[in-house]
Protein chains: 2
Amino acid sequence: MTDFKEKLNDQSYKLTGQRQAVLDILTLHHEEHLSADQIHKLLEEQKGGVGIATVYRTLQLLEKLKLISRIYLDDGCTRYQIHLETEKHEHHHLICNRCGHVEDFQDDLLDPLEQQVFEQYGFRVFDHRVKFYGICRTCLNVQVN
Amino acid sequence: MTDFKEKLNDQSYKLTGQRQAVLDILTLHHEEHLSADQIHKLLEEQKGGVGIATVYRTLQLLEKLKLISRIYLDDGCTRYQIHLETEKHEHHHLICNRCGHVEDFQDDLLDPLEQQVFEQYGFRVFDHRVKFYGICRTCLNVQVN
DNA sequence: CGATCGAATGATAACAATTATCATTTAAAG
DNA sequence: CTTTAAATGATAATTGTTATCATTCGATCG
Ligand SMILES: [Mn+2]
Ligand SMILES: [Mn+2]
Ligand SMILES: [Zn+2]
Ligand SMILES: [Zn+2]
């Protein structure tokens, strides 16, 4: 029994072809940050496809199961990303203002700050989200040439 | 001549009552993070009010002038905040998962990290946005009692 | 001042993203 | 297999935002 099916069973959700298909697409394209519409279009290329309402419903479910999370990259649309098995914590993003490329960023860098926030603000931090804006490695190299 | 009028003049925008009213509301409510709709409703209580289209247009303009910025607090709606004169840099947010309260957070804490990101990822950081999730001081005290 | 003129506004239509509805289909359990 | 509640898909409804366009208004200049 697959890991996904187990997680669904735990909460008495059913494993459907559509749910698996959405998860598969997100896994396959884990480097991109797909919007609901992009996911829907990618699924249409497969046999049958999945209704747009089901895409949205499945994304809500996957988010509730903490298998994915949504991110806002300031381009005005909601995007989704899968949580890979390999990452212990939520990852963050390096956003290039030149080419628009978004690179994932495994942190742990901020963990020491959480203590500092507690001391300074009395706020107990459990989680954080960071976006860094700047110029990516590729664009920096182009500038040099 | 007001500071706002100057900034508008610089780019040959006109100072209108509506633009001033939107800016005033954002200044008055600078601790909250108002949505376009909330701003519109607050303005309706004043004489005349401001059309919703103008509210959106003004928010776009104020953002372009870097007098405000939009934030996403994961409640599915776009919110706006004014940049106070007193803050040198963009501020960040402490979001309480218990009571939903959002506290502003003046950082500089992350500045040392930007160098580290460059060394580790070759990405030159110019700006960053952080959200810390956790339990606020008030909710922590309640828990203790 | 008052005339002039392009910019700004408001009402509302259009659009895009998301959610709700409901008849039909299907996964899972017995 | 049957049964049954859950899930799906087509599509209507809703919501947030932008576009359109006739009307109004702020700033400039005599
Ligand atoms: Mn990512
Ligand atoms: Mn703020
Ligand atoms: Zn780049
Ligand atoms: Zn709280």
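We name chains A, B, ... by the order of the sequence lines, and we start the count at 1 in each one. Please read these numbers as outputs of a predicted model, since none were measured by experiment.
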In whole angstrom, give the distance that lies between atom [atom1] of [X] and atom [atom2] of [N].
X     : N      : atom1 : atom2 : answer
A:R57 : D:dG9  : CZ    : P     : 8 Å
B:R70 : D:dT18 : CZ    : P     : 7 Å
B:I52 : D:dT18 : CD1   : P     : 11 Å
B:E44 : C:dG10 : CD    : P     : 11 Å
A:L43 : D:dG9  : CG    : P     : 10 Å
A:R19 : C:dT26 : CZ    : P     : 15 Å
B:L59 : C:dA8  : CG    : P     : 15 Å
A:Y56 : D:dG9  : OH    : P     : 15 Å

- [ ] Ignoring hydrogens and angles, state whether a donor on the side chain of B:Q81 or B:S69 is under 3.5 Å from an acceptor on the partner side chain.
- [x]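 Distance-only check passes for B:Q81 and B:S69.
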Any side-chain N or O of [X] under 4.0 Å from OP1/OP2 of [N]?
X     : N      : result
A:K14 : C:dA29 : no
B:K5  : D:dG26 : no
B:T16 : C:dT9  : yes
A:Q60 : C:dT18 : no
B:Q18 : D:dC25 : no

Task: Residue mapping more 5' on DNA chain D - nearest nucleotide basis, A:V50 or B:T78 - done: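 Nearest nucleotide further toward 5': that of A:V50.
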Open item on the list: Let me spell it out: for each of B:A36 and B:L15, pick the nucleotide of DNA chain D with the closest heavy atom. Which residue's pick is nearer the 5' end?
Closed with: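 Its nearest nucleotide lies further toward 5', so the answer is B:A36.
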Could you give the side-chain donor-acceptor pairs of residues 14-21 of chain B under 3.5 Å, partners two or more places apart or in another chain?
residue	atom	partner	partner atom	Å
B:T16	OG1	B:R19	N	3.1
B:R19	NH1	B:K14	O	2.7
B:Q20	NE2	B:D24	OD1	3.0

Task: Centroid separation A:F132 to B:F123 less than 6.0 Å - done: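 Aromatic pair excluded; centres sit 6.0 Å or further apart.
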Open item on the list: With each end axis built from five pairs of C1' atoms, what bend angle do you get for the helix from C:dC1-D:dG30 to C:dG30-D:dC1? Round to 10°.
Closed with: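 Both end axes considered, the difference amounts to 40°.
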Task: A:H128 and A:H92 aromatic ring geometry - parallel, tilted or perpendicular at 30°/60° bounds - done: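 Geometry flag for A:H128 against A:H92: parallel rings.
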- [ ] Report yes or no: does A:E119 contribute a side-chain atom to a donor-acceptor pair with the main-chain N or O of A:Q116 at less than 3.5 Å?
- [x]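 Flag not set: sc A:E119 to bb A:Q116 has no pair under 3.5 Å.
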Open item on the list: So that I can tick it off, tell me whether A:K131 and A:D74 are bridged by a salt bridge, with the cut-off set at under 4.0 angstrom between side-chain N and carboxylate O.
Closed with: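 A salt bridge is present here (some side-chain N lies under 4.0 Å from a carboxylate O).
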Open item on the list: According to a hydrophobic-cluster definition based on side-chain heavy atoms being under 4.5 Å apart (Ile, Leu, Val, Met, Phe, Trp, Tyr only), do B:V102 and B:I68 belong together?
Closed with: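 They do not share one cluster, since no chain of ILVMFWY contacts under 4.5 Å joins B:V102 to B:I68.
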